[in-house]
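What follows is a single structure, written as structure tokens, with notes after it.
Note that this is a predicted model, so its numbers are computed, not measured.
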Amino acid sequence: MREFFDAALGYPTALFSFALVVVIGYWGSVLLGGLDVDALGGGHGGEGVDAHHGDLGDHGNTAGFAGFLAGLGLGGVPVTVTMSLLIGIAWFAALAGRVLTGGGPLSGTVALAGALVCSWAGTRALLLPLRRLVPRERAPSRSDFVGRVCVVRTGRVSAGFGQAEVTADDGSTAVVQVRTTGTDEGLIGGSTALIFDYDAVRECFLVAPYDASLDPDRRPAV
């Protein structure tokens with residue numbers, strides 16, 4: 001047992017030992033229900049809604065550290081899963097390398113380099129089947145707003161001007177450009193409208209006055 005701890009706390013295994021403790025603690029919290037597997041997951045991409053800026057925008061497919069991992073061929077699963085595999089494999093490879101090489105400074109550096117290579121190769125191999133188990137999340141798009149009810153936020157809405165606030169499935173809101181067909185009247189600030197189409201040429205939504213009594217999902221008044 002003493003030899004095991006000497007190897008685990010010696011160079012180069014010690015470089016990964018603390019990280020391995022963090023990984024074990026993290027997955028312990030997941031099993032106990034304290035954390036979500038995607039708590040530190042990667043970025044999301046595609047065309048979507050920027051709720052913080054209140055408008056529609058385009059985002060990159062990956063960002064930050066998740067993008068770096070994807071560049072190494074280690075994307076497609078939550079970052080926490082990838083990092084756990086990298087750290088776990090690196091620790092075991094470094095431990096085996098120290099035992100096999102005797103643990104000298106030069107041999108330890110060789111073992112460290114081998115551990116990093118084994119970690120990348122092993123993680124990449126294990127992610128191949130794991131990617132099939134991870135459900136692909138469809139990126140939100142402008143078409144998701146078609147059929148939704150919005151609230152006019154400008155003084156009026158016409159065929160050439162208007163903005164309205166619409167709520168997405170996740171509860172976030174966005175202010176979008178809206179237009180009428182030219183025949184609808186009565187859409188003034190604070191009124192409710194129905195988004196019935198998206199005009200890709202003008203990059204705006206087409207709206208019409210909304211009658212709550214015609215909504216099949218409307219809750220009866222108390």
Side-chain angles (χ1 to χ4, degrees), residues 1-52 57-141 169-170 172:
M1 183 63 69
R2 179 180 178 83
E3 294 179 354
F4 171 79
F5 281 108
D6 288 341
L9 299 178
Y11 178 76
T13 317
L15 298 177
F16 306 104
S17 294
F18 176 75
L20 183 63
V21 171
V22 174
V23 168
I24 294 174
Y26 169 79
W27 288 108
S29 299
V30 171
L31 292 176
L32 294 176
L35 287 175
D36 186 357
V37 174
D38 294 321
L40 300 176
H44 300 280
E47 177 185 308
V49 179
D50 188 347
H52 298 290
D58 294 330
H59 303 278
N61 289 332
T62 55
F65 190 59
F68 172 73
L69 291 176
L72 295 177
L74 304 178
V77 299
V79 172
T80 48
V81 175
T82 303
M83 289 303 302
S84 297
L85 291 174
L86 282 171
I87 293 170
I89 295 174
W91 186 86
F92 281 109
L95 180 66
R98 176 180 169 83
V99 172
L100 293 175
T101 60
L106 180 59
S107 60
T109 302
V110 174
L112 174 61
L116 294 176
V117 173
C118 289
S119 176
W120 172 80
T123 300
R124 188 170 184 178
L126 290 174
L127 290 183
L128 292 177
L130 288 179
R131 288 191 185 103
R132 301 188 184 96
L133 302 178
V134 177
R136 294 188 177 274
E137 181 178 350
R138 187 182 67 85
S141 65
D169 285 333
D170 60 2
S172 62

| said: Contact between L85 and L74 at the side-chain level, heavy atoms closer than 4.5 Å - yes or no? | reply: no
| task | Please lay out, stage by stage, how T80 and V30 fare under the test side-chain contact (heavy atoms from CB on, under 4.5 Å). | result | CA-CA 11 Å; T80 48; V30 171; over 6 Å; no
| query | How far apart are the closest heavy atoms of C118 and A93, and which atoms are they? | reply | CB-CB, 4.1 Å
Pairs of donor and acceptor atoms involving the side chains of residues 14-24, under 3.5 Å and at least two apart or interchain, shall be tabulated with distances.
{"unit_1": "S17", "atom_1": "OG", "unit_2": "A8", "atom_2": "O", "d": "2.7"}
{"unit_1": "S17", "atom_1": "OG", "unit_2": "T13", "atom_2": "O", "d": "3.1"}
{"unit_1": "S17", "atom_1": "OG", "unit_2": "W91", "atom_2": "NE1", "d": "3.1"}

| said: Within the supplied structure, the quantity of interest is the number of heavy atoms (other residues, nucleotides, ligands) at a distance under 6.0 Å from L128 CG; does it exceed 12? | reply: yes
| query | Would you say the side-chain atoms of R98 pair up with the backbone N or O of P12, donor to acceptor, closer than 3.5 Å? | reply | no
| message | Rounded to the nearest 0.5 Å, what separates atom CG in L86 from atom CG in L116? | response | 9.5 Å
| message | Could you work out, with side chain to side chain contact (heavy atoms under 4.5 Å, CB included) as the rule, every residue matching I89, not counting sequence neighbours? | response | S119, T123, L126
| task | Identify, with sequence neighbours excluded, every residue that meets side chain to side chain donor-acceptor pair (under 3.5 Å) alongside S84. | result | W27
